[in-house]
Amino acid sequence: MNRIKNGENHILQAALDLIFPRRCAVCDEAVDRLGYGVCKACASKIVYIRAPFCMKCGKQLKQEGELCTDCIKKKHKFLQGVALYDYGSMADSIFRFKYAGRQEYASFYGKDMYERYGRWLQAVRPDALIPVPVHASKKRLRGYNQSELIAQALSKLSGIPVNTSLVIRQKKTLPQKSLSGQERQNNLKRAFKIHRNDVKLNTIVIIDDIYTTGSTIDAMTETLMESGIQHVYFMTLAVGRGI
(Lines give C-alpha, C1' and ligand atoms only; values in the text may rest on other atoms or scores of the structure.)
Protein backbone atom coordinates (compact mmCIF):
# COMPACT_ATOMS: atom_id res chain seq x y z
CA MET A 1 0.00 0.00 0.00
CA ASN A 2 2.80 2.43 0.91
CA ARG A 3 4.61 1.67 -2.36
CA ILE A 4 1.44 2.42 -4.32
CA LYS A 5 0.92 5.66 -2.41
CA ASN A 6 4.56 6.70 -2.91
CA GLY A 7 4.26 5.93 -6.63
CA GLU A 8 1.12 8.04 -6.90
CA ASN A 9 2.83 10.91 -5.08
CA HIS A 10 5.81 10.66 -7.45
CA ILE A 11 3.53 10.85 -10.52
CA LEU A 12 1.65 13.80 -9.04
CA GLN A 13 4.88 15.65 -8.26
CA ALA A 14 6.21 15.00 -11.78
CA ALA A 15 3.01 16.46 -13.23
CA LEU A 16 3.27 19.51 -11.00
CA ASP A 17 6.92 19.97 -12.02
CA LEU A 18 5.83 20.16 -15.66
CA ILE A 19 3.12 22.74 -14.97
CA PHE A 20 4.92 24.69 -12.26
CA PRO A 21 8.69 24.08 -12.61
CA ARG A 22 10.58 24.05 -9.33
CA ARG A 23 13.11 26.77 -8.68
CA CYS A 24 16.68 25.65 -8.25
CA ALA A 25 17.74 25.99 -4.62
CA VAL A 26 21.13 27.31 -5.76
CA CYS A 27 20.50 29.70 -8.68
CA ASP A 28 16.73 30.23 -8.20
CA GLU A 29 16.00 29.65 -11.89
CA ALA A 30 13.58 26.99 -13.13
CA VAL A 31 15.14 23.55 -12.55
CA ASP A 32 16.36 22.03 -15.83
CA ARG A 33 15.49 18.43 -14.87
CA LEU A 34 12.33 16.87 -13.49
CA GLY A 35 12.25 15.56 -9.96
CA TYR A 36 15.29 17.48 -8.73
CA GLY A 37 15.63 20.48 -6.45
CA VAL A 38 18.72 21.90 -8.16
CA CYS A 39 19.96 22.30 -11.73
CA LYS A 40 22.48 19.79 -13.04
CA ALA A 41 25.20 22.44 -13.24
CA CYS A 42 24.37 23.91 -9.84
CA ALA A 43 24.61 20.55 -8.07
CA SER A 44 28.39 20.65 -8.52
CA LYS A 45 28.58 24.08 -6.88
CA ILE A 46 27.33 22.82 -3.51
CA VAL A 47 30.10 22.23 -0.98
CA TYR A 48 29.15 19.49 1.48
CA ILE A 49 30.70 18.94 4.89
CA ARG A 50 32.82 15.82 4.60
CA ALA A 51 35.21 13.93 6.84
CA PRO A 52 37.17 15.03 8.68
CA PHE A 53 34.72 17.16 10.63
CA CYS A 54 34.34 18.08 14.29
CA MET A 55 32.82 15.17 16.20
CA LYS A 56 31.00 17.60 18.48
CA CYS A 57 29.52 20.36 16.29
CA GLY A 58 30.09 19.08 12.75
CA LYS A 59 32.36 21.90 11.51
CA GLN A 60 34.69 21.05 8.67
CA LEU A 61 38.25 20.29 9.80
CA LYS A 62 41.29 21.03 7.66
CA GLN A 63 43.10 17.99 8.96
CA GLU A 64 42.35 14.83 10.92
CA GLY A 65 41.23 15.48 14.47
CA GLU A 66 38.36 15.03 16.88
CA LEU A 67 37.32 18.61 17.76
CA CYS A 68 37.42 21.99 16.07
CA THR A 69 39.20 24.87 17.81
CA ASP A 70 35.83 26.32 18.92
CA CYS A 71 34.74 23.13 20.66
CA ILE A 72 38.15 22.76 22.32
CA LYS A 73 37.72 26.23 23.85
CA LYS A 74 34.01 26.02 24.66
CA LYS A 75 32.13 23.16 26.31
CA HIS A 76 28.68 22.33 24.96
CA LYS A 77 25.84 20.49 26.67
CA PHE A 78 24.47 18.90 23.50
CA LEU A 79 25.88 15.48 22.70
CA GLN A 80 26.64 15.95 19.01
CA GLY A 81 25.59 17.80 15.91
CA VAL A 82 25.97 17.39 12.16
CA ALA A 83 25.88 19.95 9.36
CA LEU A 84 25.06 19.44 5.69
CA TYR A 85 26.63 22.33 3.77
CA ASP A 86 29.57 24.68 3.99
CA TYR A 87 27.78 27.98 4.58
CA GLY A 88 29.69 29.89 1.91
CA SER A 89 28.40 27.71 -0.92
CA MET A 90 24.73 27.99 0.12
CA ALA A 91 24.56 31.45 1.74
CA ASP A 92 22.42 32.97 -1.03
CA SER A 93 20.12 29.95 -1.08
CA ILE A 94 19.52 30.05 2.66
CA PHE A 95 18.99 33.83 2.56
CA ARG A 96 16.22 33.43 -0.04
CA PHE A 97 14.75 30.54 1.95
CA LYS A 98 14.59 32.62 5.14
CA TYR A 99 13.79 36.09 3.88
CA ALA A 100 12.46 35.87 0.30
CA GLY A 101 9.69 33.35 0.74
CA ARG A 102 11.35 30.42 -1.02
CA GLN A 103 9.62 27.86 1.20
CA GLU A 104 9.77 25.28 -1.60
CA TYR A 105 13.50 24.86 -1.00
CA ALA A 106 12.64 22.93 2.17
CA SER A 107 11.81 19.75 0.24
CA PHE A 108 15.26 19.75 -1.39
CA TYR A 109 17.01 20.50 1.92
CA GLY A 110 15.11 17.75 3.72
CA LYS A 111 15.85 15.18 1.01
CA ASP A 112 19.52 16.14 0.89
CA MET A 113 19.77 15.99 4.67
CA TYR A 114 18.12 12.57 4.86
CA GLU A 115 20.26 11.07 2.08
CA ARG A 116 23.47 12.09 3.84
CA TYR A 117 22.49 11.68 7.48
CA GLY A 118 19.69 9.12 7.45
CA ARG A 119 21.95 6.45 8.97
CA TRP A 120 23.09 8.90 11.64
CA LEU A 121 19.46 9.53 12.54
CA GLN A 122 18.80 5.80 12.77
CA ALA A 123 21.75 5.43 15.14
CA VAL A 124 20.59 8.34 17.33
CA ARG A 125 16.97 7.08 17.35
CA PRO A 126 15.34 10.36 18.42
CA ASP A 127 11.81 10.51 19.80
CA ALA A 128 11.21 13.78 17.99
CA LEU A 129 12.65 16.50 15.79
CA ILE A 130 12.39 19.92 17.43
CA PRO A 131 12.89 22.95 15.16
CA VAL A 132 14.42 26.05 16.73
CA PRO A 133 11.38 28.29 17.34
CA VAL A 134 11.19 31.90 16.19
CA HIS A 135 9.46 34.63 18.17
CA ALA A 136 5.72 34.90 17.43
CA SER A 137 6.11 38.44 16.05
CA LYS A 138 8.82 37.34 13.63
CA LYS A 139 6.79 34.36 12.47
CA ARG A 140 3.80 36.61 11.79
CA LEU A 141 5.99 38.97 9.78
CA ARG A 142 7.76 36.23 7.79
CA GLY A 143 4.78 33.89 7.61
CA TYR A 144 6.71 30.75 8.53
CA ASN A 145 9.55 29.28 10.58
CA GLN A 146 12.29 28.07 8.23
CA SER A 147 13.60 25.50 10.72
CA GLU A 148 10.12 24.04 11.06
CA LEU A 149 9.85 23.60 7.28
CA ILE A 150 13.16 21.73 7.22
CA ALA A 151 12.03 19.51 10.10
CA GLN A 152 8.73 18.70 8.37
CA ALA A 153 10.51 17.77 5.13
CA LEU A 154 12.93 15.54 7.04
CA SER A 155 10.08 13.99 9.03
CA LYS A 156 8.28 12.89 5.87
CA LEU A 157 11.31 10.85 4.83
CA SER A 158 12.48 9.59 8.21
CA GLY A 159 9.14 8.99 9.91
CA ILE A 160 10.37 10.84 13.01
CA PRO A 161 7.64 13.16 14.34
CA VAL A 162 8.10 16.92 14.60
CA ASN A 163 7.31 18.53 17.96
CA THR A 164 6.61 22.28 17.75
CA SER A 165 4.67 22.65 21.01
CA LEU A 166 7.31 21.71 23.57
CA VAL A 167 9.40 24.87 23.52
CA ILE A 168 8.69 28.46 22.49
CA ARG A 169 10.81 31.56 22.00
CA GLN A 170 9.61 33.95 24.67
CA LYS A 171 12.24 36.65 24.11
CA LYS A 172 12.57 38.70 20.93
CA THR A 173 16.32 38.49 20.37
CA LEU A 174 18.65 40.51 18.17
CA PRO A 175 20.04 38.89 14.97
CA GLN A 176 22.91 36.66 16.07
CA LYS A 177 25.09 37.41 13.05
CA SER A 178 25.71 40.98 14.22
CA LEU A 179 26.96 39.97 17.68
CA SER A 180 30.21 38.75 19.21
CA GLY A 181 30.46 35.38 20.94
CA GLN A 182 29.70 36.70 24.45
CA GLU A 183 26.98 39.00 23.12
CA ARG A 184 25.32 35.99 21.46
CA GLN A 185 25.18 34.14 24.77
CA ASN A 186 23.76 37.17 26.60
CA ASN A 187 21.27 37.76 23.80
CA LEU A 188 19.85 34.25 24.24
CA LYS A 189 19.58 34.17 28.04
CA ARG A 190 16.05 33.09 28.94
CA ALA A 191 15.12 33.24 25.25
CA PHE A 192 13.46 29.82 25.28
CA LYS A 193 10.73 28.45 27.51
CA ILE A 194 9.03 25.07 27.91
CA HIS A 195 5.46 25.53 26.72
CA ARG A 196 3.87 22.07 26.74
CA ASN A 197 5.58 19.08 28.29
CA ASP A 198 2.81 16.51 28.10
CA VAL A 199 4.78 13.99 26.02
CA LYS A 200 7.70 12.08 27.55
CA LEU A 201 10.77 12.58 25.39
CA ASN A 202 14.17 11.12 26.15
CA THR A 203 16.17 11.80 22.98
CA ILE A 204 15.60 14.67 20.55
CA VAL A 205 17.29 16.27 17.56
CA ILE A 206 17.15 20.05 17.28
CA ILE A 207 16.74 21.30 13.69
CA ASP A 208 18.20 24.67 12.65
CA ASP A 209 19.36 26.40 9.49
CA ILE A 210 22.82 27.73 10.42
CA TYR A 211 25.34 26.84 13.13
CA THR A 212 28.17 29.24 13.92
CA THR A 213 29.19 29.42 17.58
CA GLY A 214 26.49 27.13 18.94
CA SER A 215 24.93 29.75 21.22
CA THR A 216 21.40 29.10 19.99
CA ILE A 217 21.74 25.31 20.24
CA ASP A 218 23.32 25.63 23.70
CA ALA A 219 20.49 27.84 24.96
CA MET A 220 17.86 25.43 23.63
CA THR A 221 19.72 22.42 25.01
CA GLU A 222 19.80 23.92 28.48
CA THR A 223 16.05 24.59 28.38
CA LEU A 224 15.27 21.11 27.05
CA MET A 225 17.45 19.34 29.61
CA GLU A 226 15.73 21.27 32.40
CA SER A 227 12.47 19.74 31.17
CA GLY A 228 13.91 16.23 31.65
CA ILE A 229 15.22 15.42 28.17
CA GLN A 230 18.49 13.56 28.64
CA HIS A 231 19.98 13.30 25.15
CA VAL A 232 20.10 16.34 22.87
CA TYR A 233 21.56 16.30 19.35
CA PHE A 234 21.19 18.72 16.47
CA MET A 235 21.16 18.87 12.68
CA THR A 236 21.71 22.05 10.72
CA LEU A 237 21.66 22.95 7.06
CA ALA A 238 24.92 24.85 7.07
CA VAL A 239 27.83 25.51 9.35
CA GLY A 240 29.84 28.72 9.45
CA ARG A 241 33.17 29.63 10.92
CA GLY A 242 33.31 30.10 14.67
CA ILE A 243 33.92 33.39 16.43
Side-chain angles (χ1 to χ4, degrees), residues 13-49 58 83-117 129-157 162 164 168-169 171-179 184 187-188 191 206-213 215-217 220 234-241 243:
Q13 186 60 61
L16 290 173
D17 285 348
L18 285 171
I19 302 171
F20 305 105
R22 302 187 192 190
R23 288 185 177 272
C24 172
V26 176
C27 70
D28 202 43
E29 297 296 327
V31 177
D32 57 7
R33 49 183 182 165
L34 294 177
Y36 288 84
V38 294
C39 298
K40 187 175 182 180
C42 288
S44 63
K45 299 177 183 178
I46 301 174
V47 179
Y48 291 94
I49 300 297
L84 186 61
Y85 309 122
D86 171 78
Y87 177 69
S89 72
M90 294 294 281
D92 291 342
S93 174
I94 295 173
F95 181 87
R96 292 192 300 268
F97 176 56
K98 290 180 68 171
Y99 304 114
R102 290 288 183 259
Q103 299 181 50
E104 63 268 33
Y105 289 0
S107 60
F108 168 72
Y109 294 150
K111 183 174 182 291
D112 222 10
M113 190 174 278
Y114 183 69
E115 286 181 349
R116 292 184 178 267
Y117 289 115
L129 305 175
I130 299 185
V132 173
V134 297
H135 192 266
S137 62
K138 184 176 291 186
K139 189 172 183 178
R140 285 195 298 270
L141 180 64
R142 188 179 299 167
Y144 58 94
N145 174 0
Q146 72 279 359
S147 297
E148 188 175 326
L149 295 181
I150 299 168
Q152 290 170 347
L154 184 58
S155 176
K156 288 180 181 179
L157 296 170
V162 178
T164 59
I168 62 172
R169 199 167 195 138
K171 177 182 175 183
K172 191 175 182 181
T173 54
L174 297 171
Q176 290 286 89
K177 62 183 179 181
S178 63
L179 305 176
R184 289 175 184 233
N187 186 43
L188 288 162
I206 297 172
I207 304 296
D208 202 5
D209 54 354
I210 303 169
Y211 180 101
T212 305
T213 64
S215 297
T216 299
I217 302 297
M220 266 198 75
F234 77 85
M235 298 180 77
T236 186
L237 271 187
V239 62
R241 290 178 298 173
I243 295 176

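We're numbering straight along the sequence, starting at 1. Scope of the values below: all heavy atoms of this structure, side chains included, with no hydrogens, waters or symmetry mates.
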Any pair counted as salt bridge (Lys or Arg N to Asp or Glu O under 4.0 Å), so long as it reaches residues 142-154, sequence neighbours left out
K139-E148
Exam field: side chain R169 to backbone V134, donor-acceptor pair closer than 3.5 Å
no
Does I168 have any side-chain contact (heavy atoms from CB on, under 4.5 Å) partners at least two apart in sequence or in another chain, and if so, which?
K193, H195
What is the minimum heavy-atom distance between C24 and V38, and which atoms define it?
SG-CA, 3.6 Å
Keeping to residues at least two apart or across chains, list the side chain to side chain donor-acceptor pair (under 3.5 Å) pairs with something in residues 88-98.
S93-Y109, R96-Y105, K98-D209
State, to 0.1 Å, how close S107 and A153 come at their nearest heavy-atom pair, and which atoms those are.
CA-CB, 4.2 Å
Donor-acceptor pair, Y211 side chain versus M235 backbone, under 3.5 Å?
no
Taking C-beta and beyond as the side chain, do P131 and V162 meet within less than 4.5 Å on heavy atoms?
yes
Between L237, I94, T216, which is the residue that forms a side-chain contact (heavy atoms from CB on, under 4.5 Å) with I210?
I94
What is the distance from atom CD1 of I130 to atom OG1 of T164, rounded to the nearest 0.5 Å?
9.5 Å
Please confirm whether the backbone N or O of F234 pairs with a side-chain atom of D208, one donor and one acceptor, at under 3.5 Å?
no
Would you give the length of the straight line joining atom CZ of F97 to atom CG of L149, rounded to the nearest 0.5 angstrom?
5.0 Å
State, to 0.1 Å, how close N145 and P133 come at their nearest heavy-atom pair, and which atoms those are.
ND2-CA, 3.7 Å
Shortest non-hydrogen contact between V31 and R23, atoms and distance:
CG2-C, 3.6 Å
Distance check, rounded to the nearest 0.5 Å: L84 atom CG versus T236 atom OG1?
9.0 Å
Starting at CG of L154, measure out to CD1 of I207 and round the result to the nearest 0.5 Å.
5.5 Å
Between the CG atom in L157 and the CD atom in E115, the distance rounded to the nearest 0.5 Å is 8.5 Å
What one should report as the nearest heavy-atom pair of R102 and Y144 is N-OH, 4.1 Å
So Y48 and D112, side chain to side chain contact (heavy atoms under 4.5 Å, CB included) or not? Walk me through it.
CA-CA 10 Å; Y48 291 94; D112 222 10; 2.7 Å; yes
Over all atoms of both residues, closest heavy-atom pair of A41 and K45
O-CG, 3.9 Å
